[in-house]
Trainee: 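The structure under discussion is supplied below as structure tokens; questions concerning it will follow.
Values reported hereafter were calculated over all heavy atoms of this structure, with side chains retained and with hydrogens, waters and symmetry mates removed. None of the values given here were measured: they were computed from a predicted structure.
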Amino acid sequence: MIREIAGEYGFDPYLIMGIIKVESSFREQSRSRVGAQGLMQIMPKTGRYMKCHRSIWEPEHNIRCGCEVLKRYLAKYDGNLVYGLTAYNAGPGNVNKRARANELPFNFAYAQKVLKWRNLFRKNGCM
């Protein structure tokens with residue numbers, strides 16, 4: 001399912017797996033302390049904005065919603081994976097100032113974790 005959905009959005013499936021690992025450790029019913037939900041930890045407000053809040057707990061729908069969110073952030077930051085990932089994690093309002101100054105985002109460690117997992121999944125053929 002991850003491979004199929006990632007392909008529809010033009011993403012490396014291992015990148016999406018890396019996000020899911022960092023966000024929820026592949027636990028479908030995961031909920032963060034701030035209210036993010038599901039595999040890709042979609043915030044309810046973001047889900048409503050993206051019109052994907054009704055079935056956010058369904059894994060396929062959650063992954064599609066997460067990919068759509070990531071796609072928008074990557075477009076906002078001209079494909080820059082670090083800024084796109086950190087905006088996915090903390091929201092673009094928390095990343096914009098650093099992106100304009102071409103500085104590392106405060107949550108750069110999040111991007112590092114996602115990319116580390118992406119590389120491990122790819123290296124070990126996890127798919």
Trainee: Could you tell me whether the side chain of R118 reaches within less than 4.5 Å of the side chain of L81, counting heavy atoms only?
Mentor: yes
Trainee: Considering non-hydrogen atoms only, spot the tightest contact between Q37 and P44 and give its length.
Mentor: NE2-CG, 3.9 Å
Trainee: Is it the case that more than 12 heavy atoms not belonging to F26 sit under 6.0 Å from its CZ atom?
Mentor: yes
Trainee: Nearest 0.5 Å, what's the NZ-CD1 distance between K21 and I19?
Mentor: 14.5 Å
Trainee: Classify the ring geometry between Y77 and Y83 as parallel (under 30°), tilted (30 to 60°) or perpendicular (over 60°).
Mentor: tilted
Trainee: How many angstroms lie between atom CZ of R3 and atom CD of E8, to the nearest 0.5 angstrom?
Mentor: 13.5 Å
Trainee: Cluster question for you: counting only ILVMFWY and a side-chain heavy-atom cut-off of under 4.5 Å, with indirect links fine, are V69 and M43 together?
Mentor: no
Trainee: Suppose we screen for side-chain hydrogen bond (donor to acceptor under 3.5 Å, both in side chains). Which residues come up paired with S55, at least two apart in sequence or across chains?
Mentor: H61
Trainee: Going from SG on C52 to CD1 on I63, what distance comes out if it is rounded to the nearest 0.5 angstrom?
Mentor: 12.5 Å
Trainee: Side chains of residues 9-17: which donor-acceptor partners sit under 3.5 Å, not counting sequence neighbours?
Mentor:
unit_1, atom_1, unit_2, atom_2, d
D12, OD1, Y14, N, 2.9
D12, OD2, R122, NH2, 2.1

Trainee: Determine whether M40 and Y73 fall in the same hydrophobic cluster, where Ile, Leu, Val, Met, Phe, Trp and Tyr are linked whenever their side-chain heavy atoms lie under 4.5 Å apart.
Mentor: yes
Trainee: Look at R64 together with E68 and state whether they make a salt bridge at an N to O cut-off of under 4.0 Å.
Mentor: no
Trainee: Same cluster or not: are F121 and M1 linked, directly or through other Ile, Leu, Val, Met, Phe, Trp or Tyr residues, by side-chain heavy atoms under 4.5 angstrom apart?
Mentor: yes
Trainee: Extract all donor-acceptor atom pairs below 3.5 Å that involve side chains of residues 100-117 and protein atoms in other chains or at least two apart in sequence.
Mentor:
unit_1, atom_1, unit_2, atom_2, d
N107, ND2, T86, O, 3.1
N107, ND2, N89, OD1, 2.9
Y110, OH, E23, OE2, 2.7

Trainee: What distance do M50 atom CE and C67 atom SG have between them, rounded to the nearest 0.5 Å?
Mentor: 10.5 Å
Trainee: Could you measure the distance from the CG atom of L39 to the OG atom of S25? Nearest 0.5 Å is fine.
Mentor: 10.5 Å
Trainee: Once rounded to the nearest 0.5 Å, what's the spacing between atom OG of S24 and atom CG of N62?
Mentor: 7.5 Å
Trainee: With a 4.5 Å cut-off on side-chain heavy-atom distances among I, L, V, M, F, W and Y, is there a chain of contacts connecting I2 to W57?
Mentor: yes
